[in-house]
Amino acid sequence: MFDAATYASRRETLQQKISSGVALFPGNNESPMNYTANPYHYRQDSTFLYYFGLAMPGLAAVLDLDSGQAVLFGDDVEMEDIIWMGPQPTMAERARQVGVAEIRPSAELAAYIRQCLTTGRPVHFLPPYRAETALTLGRLLGIQPDHLKTYASVPLIQAVVAQRAVKTAEEIEQIEQALAVAYDMHTTAMRMAKPGVYEREIAGQAEGIALAGGGTVSFPIICTINGQTLHNHYHGNELREGRLLIMDAGAETEMGYAADITRTTPVGGKFNARQKEIYEIVLKAINTSIEAIKPGIKYRQVHLHAARIVAEGLKSVGLMMGDPAEAVAQGAHALFFPHGLGHMMGLDVHDMENLGENYVGYDADTTRSDQFGLAYLRLGRELEPGFVLTVEPGIYFIPALIDQWRKEGKCTQFIDYDKVETYKDFGGIRIEDDVLVTNTGQRVLGKPIPKSVADVEAMAASG
Ligand code: GLY
Ligand code: MN
Ligand code: MN
């Protein structure tokens, strides 16, 4: 946990941004897997962590936006809890850790909120993403849970996004801690990428490294020889020569800060000529996109730059044709690069996605495109110092998508479908780094994880 002063100062900043009323922050509770006493790994809500730091179930907090006073609602444990869970800090100790002066029993939250509502004080809340939280909020506010999202406070969403988007030095340190663990996860995967090994063996080792690092994984590991399926969570395949292993995985620290890294390793450790050709295009796309990152540039522009590199590269190998700039303008590259270049990252791997992607990644100057491919770009807006974002271009050969585009005669002036047919067994390549926007440019966070053809092959050969 950070110092109490960090949380107090974050709350003070938030309070100054919203004119009046109270902000209500429900913490996450345990979420059962198959019966109540057998819950999923506990994860506190990231906004609660940001302002109140405490990672345990049974809490809620309110910030009075007029007086600045914070109140923590929660209960001290009883003997029965101590028998099962061991001794726990008191609520008073917990509140002190995060600089909150006032604590009240959970049972008083309903009356507190009712009092606000009856006296006409606005109760600001964020859109819930868990059913249990929606039920609680619905009950407290007298709103049908299905309708909560329309009543969520836009000023609170915007204030939280503005604050959480800019990372402080101590947050960057946390992200780099997560990246140190991710380094071990990825280099282990490279060394294990040999024929006869199963994806699950590698995924299992990598997840173990995340746990041994003191936190957990920041999202379910993608570890697959079928990387053409973008979020493939199946780990049952045996690795075989000629396939590429995409590993998209990261750790999160005990405090909840994420890393999100992708590397692609040829099974057996040596790229063949065809793999190398495509890999070099993706490598150029990530490296030159990173170089382009600086305050003031729109991330959509960086995405379009990556798309241009992909189109030019695929033209040079004969898969695309015509003018690359025109191909990108018409979205032809999206047959091979159908997703966005990246997203913000912090306490969430897709930072603050629960608050609404367009509030995080777009603004009045930058609206989301509806073109296939570009529409998936989560972050399009102008970059500011302190933002942490991912850069993750890829090239994929998705047989079903190729068939559909060909059948529909899409972008035939830009795509050599006969040649593309011969790549349907290729799979996919993605490379992803986590980048801090600095005052003058950017810095790739963490110790460099092998990325060039030579470095990936050398790491694979060391296993
Ligand atoms: N790990 C999912 C992503 O890269 O966004
Ligand atoms: Mn990723
Ligand atoms: Mn990512």
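Residue numbers start at 1 and run along the sequence shown. Start at 1 and go down the list; that is how both ligands and their atoms are numbered. Because the structure is a prediction, the values reported are computed rather than measured.
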- Task: Applying salt bridge (Lys or Arg N to Asp or Glu O under 4.0 Å), name anything that partners D433, two or more places apart in sequence or on another chain.
- Result: R263, K451
- Query: Do L245 and I225 come close enough that some side-chain heavy atom pair is under 4.5 Å?
  - Reply: yes
- Message: Tell me whether the count of non-hydrogen atoms from other residues, nucleotides or ligands lying under 6.0 Å of CD in E408 goes above 12.
- Response: yes
- Query: Are any of the side-chain heavy atoms of D260 and H343 separated by less than 4.5 Å?
  - Reply: yes
- R43: salt bridge (Lys or Arg N to Asp or Glu O under 4.0 Å) partners, not counting sequence neighbours: E252
- Message: Any donor-acceptor pair under 3.5 Å linking the side-chain atoms of T390 with those of E392?
- Response: yes
- Determine whether more than 12 heavy atoms belonging to other residues, nucleotides or ligands lie under 6.0 Å from atom NZ of K294. no
- Query: By residue and atom, what protein N/O/S atoms are less than 2.8 Å from the Mn ion (ligand 2)?
  - Reply: D248 OD1, D248 OD2, D260 OD1, E432 OE1
- Task: Could you tell me if the ring centre of Y51 sits under 6.0 Å from that of Y7?
- Result: no
- First-shell residues of ligand 1 [heavy atom, distance under 4.0 Å]: F219, H231, D248, D260, H343, H350, E392, E432
- Task: With the side chain counted from C-beta on, respond yes when F52 and D45 share a heavy-atom pair under 4.5 Å apart, and no when they do not.
- Result: no
- Would you say the side chain of P26 lies within less than 4.5 Å of the side chain of L137, judging by non-hydrogen atoms? yes
- Within less than 2.8 Å of the Mn ion (ligand 3), any N, O or S from H343? yes
